[in-house]
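One structure is given here, and the rest of the page talks about it.
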2 protein chains.
Amino acid sequence: MTRKIPDSTVRRLSHYLRSLEGFQEPGGTVSSEELAARGQTTAAQVRKDLSHFGSFGKRGLGYRVDELRAHLRSILGIDRRWRVALVGAGRIGLALFEYPAFRARGYDCVAIFDPDPEKVGTVRAGLVVHDPSGFEDAVRDLGIELVILAVPEGAAQEMAGRAVEAGVKGILNFAPIRLNVPPLVPVEDVNLVMELEALSFAITQAGHEE
Amino acid sequence: MTRKIPDSTVRRLSHYLRSLEGFQEPGGTVSSEELAARGQTTAAQVRKDLSHFGSFGKRGLGYRVDELRAHLRSILGIDRRWRVALVGAGRIGLALFEYPAFRARGYDCVAIFDPDPEKVGTVRAGLVVHDPSGFEDAVRDLGIELVILAVPEGAAQEMAGRAVEAGVKGILNFAPIRLNVPPLVPVEDVNLVMELEALSFAITQAGHEE
DNA sequence: CGCGGCTTGTGAAAAACTTCACGAATGTAG
DNA sequence: CTACATTCGTGAAGTTTTTCACAAGCCGCG
Ligand SMILES: NC(=O)c1ccc[n+]([C@@H]2O[C@H](COP(=O)([O-])OP(=O)(O)OC[C@H]3O[C@@H](n4cnc5c(N)ncnc54)[C@H](O)[C@@H]3O)[C@@H](O)[C@H]2O)c1
Ligand SMILES: NC(=O)c1ccc[n+]([C@@H]2O[C@H](COP(=O)([O-])OP(=O)(O)OC[C@H]3O[C@@H](n4cnc5c(N)ncnc54)[C@H](O)[C@@H]3O)[C@@H](O)[C@H]2O)c1
């Protein structure tokens with residue numbers, strides 16, 4: 001049923017899901033038009049996006065809110081819980097792990113690793129910080145599937161390699177480098193400097209256009 | 001010379017720039033092939049991206065590293081310094097403002113706003129936290145051009161509106177909502193939950209493909 | 001100075017993605 | 001039961017972005 005789904009489609013699906021959450025009556029229905037209005041896109045785009053995965057609507061009526069929500073959660077793979085480890089208990093990593101919305105969205109924070117002697121043994125975000133030497137064992141014992149990698153640039157590739165080797169299924173990477181991992185293991189990069197640069201580009205560009 | 005530059009091109013330019021930073025001899029040259037290798041793209045793509053803005057290379061030789069770096073910085077609008085304010089001195093906002101790479105990249109943190117009485121008056125990231133009531137004056141007096149918006153969902157639209165009204169030129173938004181601002185003011189959204197969902201989608205999908 | 005090995009810059013072709021437009025369902029009202 | 005007003009699902013058309021392929025330019029060397 002599904003072949004190659006555009007990246008942009010996945011992003012929009014995530015948006016649709018969020019739009020549905022903050023919705024009036026869960027028993028109600030929503031049209032592609034309404035959904036598009038909340039997402040900076042078009043009704044046709046909404047329908048096309050969804051059509052990659054099946055037919056979830058009723059003609060003349062729209063989509064049942066609760067039903068579509070369940071389908072989206074299933075499509076995005078969050079109709080289950082994911083076990084997540086934080087590697088690097090620094091500023092950005094802890095900000096994430098202390099953010100309540102993650103748990104609410106299906107991601108369970110189950111372990112934190114950091115070699116800093118001042119952090120090992122202390123409690124952060126409700127978890128004891130462990131030295132990375134025990135990382136591989138923990139992946140196995142705790143069934144860790146996702147890693148949030150928030151370590152300094154120099155340590156990122158090494159820890160990514162160890163994560164993959166240990167059987168981790170995906171990595172959310174904050175280090176500003178391109179990780180070298182097998183193509184079967186998806187990596188999402190978050191590069192905040194790049195976002196700022198996109199902003200200054202857009203501002204600067206606006207002045208240059210005629 | 002420039003018309004409509006694809007978003008993906010801007011992201012790649014940012015990448016090229018970073019690749020050039022960590023480069024051996026600044027006097028040396030680099031080919032589109034080498035640049036592509038570090039960026040998960042192709043040589044043709046590199047040349048096409050750059051060709052939107054001019055001809056920076058020498059045939060048979062490649063690009064002078066220092067020269068290309070200067071061009072990229074100019075294209076991205078970071079051949080100058082930007083004055084940035086943080087709105088919302090929470091976990092994610094402070095993680096950013098305490099991150100040294102921003103200053104190094106041309107962004108100066110000049111003010112922090114937060115209404116929390118326990119935070120107002122204290123020093124964070126080297127700056128005194130101010131109540132948002134003084135926001136508009138500060139934008140004018142300090143020449144603030146960019147805002148990092150890291151406030152709770154409910155306050156995001158209001159503060160975005162105030163920022164635009166006060167003359168801010170761009171917003172980096174962490175709140176998981178679509179801000180309603182005039183089209184002339186660029187907004188970059190950072191949505192970390194969406195990144196995680198893209199990850200679980202990719203993992204789940206891998207299982208479904210035949 | 002002319003030749004040969006490289007590498008850029010760029011139209012043209014291909015691929016990917018978005019928008020259009022309309023037939024087919026579905027519910028409602030009379 | 002029929003007419004009607006909706007809204008989906010989807011092939012086809014249109015647009016954007018990427019890839020291809022090659023002439024043109026540059027360097028070094030004999
Ligand atoms: N803070 C930001 O706003 C920001 C923005 C963009 C990118 N980043 C990137 O995110 C990463 C983390 O940034 P940060 O600001 O949180 O840094 P930080 O210095 O606050 O935290 C990094 C943590 O990683 C730990 N660490 C070092 N080696 C490790 C290892 N092998 N295994 C586990 N932990 C290890 C350190 O002890 C430290 O606690 C960096 O790569 C940085 O470039 C951060
Ligand atoms: N922490 C994360 O990892 C994370 C991840 C994704 C998204 N976000 C989003 O980022 C935003 C901030 O998250 P956080 O975790 O830093 O929250 P936080 O609660 O730690 O910080 C929010 C801060 O904003 C301040 N604030 C409230 N109203 C304000 C106003 N009108 N003007 C200025 N400041 C105001 C609060 O006093 C608080 O200090 C939220 O919208 C959140 O959804 C955070």
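Keep in mind it's a predicted model, so treat the numbers as computed, not measured. Every chain is numbered from 1 and lettered A, B, ... according to where its sequence line falls, protein lines coming before strand lines.
When each of C:dT18, C:dT8, C:dT26 is scored by its nearest atom to the side-chain atoms of B:Ser32, the top-ranked nucleotide is C:dT8. Among the nucleotides C:dT18, C:dT10, C:dT26, the one closest to any side-chain atom of A:Gln45 is C:dT18. Side chain of A:Arg59, nearest nucleotide from C:dA25, C:dT8, C:dC17: C:dA25.
Side-chain N/O atoms of A:Tyr63 include none lying less than 4.0 angstrom from OP1 or OP2 on C:dT26. A sub-4.0 Å separation between OP1 or OP2 of C:dT8 and a side-chain N or O of B:Arg47 is present. Dashed line: the shortest gap from a side-chain N or O of B:Ser51 to OP1 or OP2 of C:dT8 is not under 4.0 Å.
A:Thr41 comes within 4.0 angstrom of no nucleic acid atom, judged by non-hydrogen atoms across all strands.
Listed for the B:Gln157 side chain is a donor-acceptor partner under 3.5 Å among the backbone atoms of B:Asn180.
Distance CG (B:Leu50) to C1' (C:dG9): 10 Å, rounded to an integer number of Å. Atom CG in A:Asp49 sits about 17 Å away from atom P in C:dA16, given to the nearest Å. When the C1' atom of C:dG9 is taken as reference, atom CG of B:Leu68 falls 14 Å away, rounded to whole Å. Between the CZ atom of A:Arg64 and the P atom of C:dA25 there is a distance of 21 Å, rounded to whole Å. Straight-line distance from the NZ atom of B:Lys4 to the C1' atom of C:dT18: 13 Å, rounded to whole Å. Rounded to whole angstrom, the span from the CZ atom of B:Phe56 across to the C1' atom of C:dT8 amounts to 13 Å. Rounded to a whole Å, the CZ atom of A:Arg12 is 8 Å from the C1' atom of C:dT18. Between the OH atom of B:Tyr16 and the P atom of C:dT8 there is a distance of 12 Å, rounded to whole Å.
Summarising the geometry, atom OG1 belonging to B:Thr9 is positioned 11.0 Å from atom CD1 belonging to B:Ile75; distances are rounded to the nearest 0.5 Å.
In summary, B:Glu158 and B:Arg162 engage in a salt bridge, as defined by a charged side-chain N under 4.0 Å from a carboxylate O. Using a cut-off of 4.0 Å between Lys/Arg side-chain N and Asp/Glu carboxylate O, B:Asp137 and B:Arg140 are scored as salt-bridged.
Between B:Leu68 and B:Tyr16, the closest side-chain pair of non-hydrogen atoms is not below 4.5 Å.
Comparing A:Ser55 and A:Gly60 by the nucleotide of DNA chain D that holds the closest heavy atom to each, the one mapping nearer the 5' end is A:Gly60. Heavy-atom distances to DNA chain C give each of B:Ala43 and A:Pro6 a nearest nucleotide, and the one nearer the 5′ end belongs to B:Ala43.
Ring geometry for A:Phe135 against A:Phe113 counts as perpendicular: the plane angle is over 60°, on a 0 to 90° scale with 30° as the lower cut.
Here chain A contacts DNA chain D (any atom closer than 4.0 Å to a heavy atom, that is under 4.0 Å), and the contacts span D:dT6 to D:dA12 from 5' to 3'.
Within the structure, the salt bridge (Lys or Arg N to Asp or Glu O under 4.0 Å) test picks out the following pairs touching residues 181-199 of chain A (sequence neighbours left out): A:Glu197-B:Arg105.
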